[in-house]
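Everything on this sheet refers to the single structure shown next.
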Amino acid sequence: GNQPASARHSIYKACQKTCRYHKNKLRHGYNPFAHKNTPPLFCRFPCFYGSNVAQKKLACNVFFLQKSVKNHRCFCAVSAPVLGEVWREQGNTLSGRLLTLQGSRFTMETEKSGQEKARRKNMKRWLLKRSKIDIKQMARELGVRQATACVLANRGLSARKDALDFLYGRGEAFADAMQMKGMAEGLELIEDAVDKKRRIVIYGDYDVDGVMSVTILSKAIARCGGNVFFYLPHRQKEGYGLNLKAVETLAADGAEVLFTCDNGISALQEVALAKEKGMTVVILDHHEPGFSGEGEERKDILPMADAVIDPKQKDCAYPFPLLCAAGISYRFALLLLERFGISDEKLEKELVSFSAIATVCDIVDLTGENRILRRMGLPEVQRTENTGLRALITETGLAGKTITEYHFGFVIGPCINAAGRLESAAAAAELFAETDGQRAGERAKQLAELNAERKSLTEKAAERAAEMLARENTMEQPVLV
């Protein structure tokens with residue numbers, strides 16, 4: 001390393017003739033002497049450089065390398081013929097000593113401190129799983145590093161289209177939503193109800209996915225001119241999903257079309273009651289339906305609704321069944337707008353931002369169309385024009401900051417969930433439907449305060465649980481959760 005550039009190059013050319021390691025590096029266009037920061041007494045490669053060609057070739061036969069834990073660079077002594085001389089990197093705890101010369105091969109003994117041995121023993125080793133895919137070619141075609149290409153291949157994304165959709169997919173990568181079982185029937189029923197001005201109720205759930213699904217569907221139907229309102233059950237008073245009392249109440253209020261979202265796939269009795277009351281029932285859900293039988297004999301047990309939209313139905317042809325309810329609602333809303341000949345870019349951006357928040361907060365797999373929804377919706381949340389969402393972003397201190405998935409899951413989402421846990425999720429849905437800035441600010445403040453109260457209650461509950469365990473001396477006993 002302390003030789004002139006021309007001399008170093010000639011030494012390198014001589015060494016690479018007998019050193020497989022250097023040949024491989026040379027084949028990939030790598031020149032070790034291009035690195036100006038190489039220390040003068042050490043080289044990066046398994047070669048010792050001497051003062052004549054014989055020593056150069058002899059040096060190339062040295063196989064043992066002492067690898068620095070500190071920076072993963074390979075170091076070896078430059079003056080190979082000098083036996084017994086110890087070369088040490090300043091500040092490093094590792095040292096190597098040349099012991100014997102046997103023919104044309106050196107033997108090196110490594111000395112390590114006990115502390116360094118223990119540290120290396122406890123180090124985690126990260127190994128990339130091997131794949132039969134040509135990782136180098138895959139990396140070149142995708143424009144990514146080989147490590148990234150290897151991870152994609154190990155995750156089953158070795159096909160070119162799958163990998164490109166995962167990395168760069170946009171809306172055009174969506175499958176045809178009309179392939180989803182029940183989609184065509186559901187669209188026809190809602191379109192007919194809008195044309196005939198029938199009263200439509202969107203029945204959601206009290207979590208983020210349920211609230212966002214209600215928001216997406218109610219906004220789209222209202223934009224098409226429908227007579228629509230929403231209903232969100234109270235968590236403590238009514239529990240999850242459709243319930244008989246709610247059906248009775250909605251029928252008495254004049255609801256003619258019951259459109260459930262993020263629930264309904266298992267509401268057999270409730271749907272039967274709604275049909276008795278003369279309602280048209282459309283179910284949009286993403287949960288697994290009940291079933292009977294096993295394997296090929298398996299049959300879904302579904303409510304007797306007029307249309308059931310759920311990609312997890314056994315005979316549904318839609319290729320991506322992992323969408324959350326808001327993702328399905330978004331696809332439904334776009335098709336409904338298209339049926340009425342409505343092109344509203346502002347509304348579509350608003351709807352995709354709601355579906356992206358729900359996709360992250362519902363913890364569905366961020367692959368395929370879920371990943372595309374997240375990619376499309378994230379920037380729209382950043383620049384949203386929805387009065388309610390903008391007020392919530394301001395109230396939570398995110399205004400002017402770069403919003404990420406973290407803020408979906410740990411800032412915005414918990415505020416929406418807190419409404420459903422402590423009071424009514426209707427407060428969150430009303431926020432996103434609000435158009436007045438002052439009222440939106442008040443509603444956003446209410447959600448933020450509810451979330452702060454939820455945090456306080458959680459901390460107190462954890463403290464009480466710890467005290468109870470300590471008092472009863474059960475800390476060492478097995479616990480069934």
Side-chain angles (χ1 to χ4, degrees), residues 201-218 229-246 249-250 260-264 267 287 324-326 329 353-355 357-364 381 386-399 403 405-434 436-468 481:
V201 58
I202 311 295
Y203 191 105
D205 187 24
Y206 39 68
D207 67 353
V208 176
D209 194 22
V211 170
M212 292 311 194
S213 299
V214 162
T215 302
I216 290 168
L217 293 173
S218 59
F229 69 105
F230 59 80
Y231 184 95
L232 289 156
H234 195 283
R235 188 186 191 109
Q236 282 77 34
K237 296 177 182 178
E238 299 176 80
Y240 169 78
L242 201 57
N243 64 83
L244 296 173
K245 185 177 179 181
T249 302
L250 293 170
T260 74
C261 55
D262 199 24
N263 69 92
H287 297 103
C324 66
S329 298
S353 68
F354 293 138
S355 67
I357 293 172
T359 296
V360 173
C361 292
D362 216 48
I363 322 179
V364 291
V381 173
N386 179 270
T387 307
L389 182 55
R390 175 54 57 190
L392 186 58
I393 289 172
T394 302
E395 183 63 35
T396 53
L398 298 179
I403 297 175
E405 298 90 337
Y406 169 84
H407 300 111
F408 286 3
F410 295 96
V411 182
I412 296 173
C415 290
I416 300 170
N417 274 328
R421 289 180 177 178
L422 300 184
E423 289 189 6
S424 171
E430 289 166 358
L431 169 64
F432 301 125
E434 187 58 71
D436 181 80
Q438 183 177 350
R439 287 197 296 270
E442 293 171 357
R443 292 183 185 278
K445 184 178 181 180
Q446 178 191 6
L447 295 190
E449 290 174 350
L450 286 172
N451 189 42
E453 183 182 352
R454 176 196 62 80
K455 290 179 182 178
S456 177
L457 291 172
T458 302
E459 291 172 359
K460 290 177 181 178
E463 290 172 1
R464 288 197 303 270
E467 291 172 1
M468 183 182 70
V481 179

Straight-line distance of [X] [atom1] to [Y] [atom2], nearest 0.5 Å:
X: Phe408; Y: Ser353; atom1: CZ; atom2: OG; answer: 8.0 Å
X: Glu395; Y: Glu449; atom1: CD; atom2: CD; answer: 7.5 Å
X: His234; Y: Asn243; atom1: NE2; atom2: CG; answer: 12.5 Å
X: Leu431; Y: Glu442; atom1: CG; atom2: CD; answer: 11.5 Å
X: Tyr231; Y: Ile202; atom1: OH; atom2: CD1; answer: 14.5 Å
X: Leu389; Y: Thr394; atom1: CG; atom2: OG1; answer: 9.5 Å

For Leu457, which residues count as a side chain to side chain contact (heavy atoms under 4.5 Å, CB included) partner, sequence neighbours excluded?
Leu422, Glu453
Matching residue for Cys324 among Asp362, Asp262, Val208 - test: side chain to side chain contact (heavy atoms under 4.5 Å, CB included)
Asp362
Start with the C-alpha gap between Ile416 and Met212, add the side-chain angles, then the distance that decides, and say whether side chain to side chain contact (heavy atoms under 4.5 Å, CB included) holds.
CA-CA 9 Å; Ile416 300 170; Met212 292 311 194; 3.6 Å; yes
Is it the case that atom CZ in Phe229 sees more than 12 heavy atoms from other parts of the structure closer than 6.0 Å?
yes
For a quick test of reading the model, state the closest non-hydrogen atom pair linking [X] to [Y] and the distance between them.
X: Leu398; Y: His407; answer: CD2-CD2, 3.4 Å
X: Glu238; Y: Pro233; answer: OE2-CA, 3.4 Å
X: Ala448; Y: Cys415; answer: CA-SG, 4.1 Å
X: Gly420; Y: Arg235; answer: O-CB, 3.2 Å
X: Leu447; Y: Ala419; answer: CD2-CB, 3.6 Å
X: Ser329; Y: Cys261; answer: OG-CB, 4.5 Å

Is the backbone of [Y] close enough, under 3.5 Å, to the side chain of [X] for a donor and an acceptor to pair up by distance?
X: Asn263; Y: Gly204; answer: yes
X: Gln236; Y: Arg421; answer: yes
X: Tyr203; Y: Gly241; answer: yes
X: Asp209; Y: Ala325; answer: yes

Classify the ring geometry between Phe432 and Phe354 as parallel (under 30°), tilted (30 to 60°) or perpendicular (over 60°).
tilted
Using the rule given for side chain to side chain contact (heavy atoms under 4.5 Å, CB included), can you reason through Tyr240 versus Asp207, listing the C-alpha separation, both sets of side-chain angles and the distance that settles it, and then say yes or no?
CA-CA 10 Å; Tyr240 169 78; Asp207 67 353; over 6 Å; no
Audit row: Thr396, Asn451, side chain to side chain contact (heavy atoms under 4.5 Å, CB included) steps and yes/no:
CA-CA 10 Å; Thr396 53; Asn451 189 42; over 6 Å; no
Chi angles and distances behind the side chain to side chain contact (heavy atoms under 4.5 Å, CB included) call for Ile393, Arg390
CA-CA 5 Å; Ile393 289 172; Arg390 175 54 57 190; 3.8 Å; yes
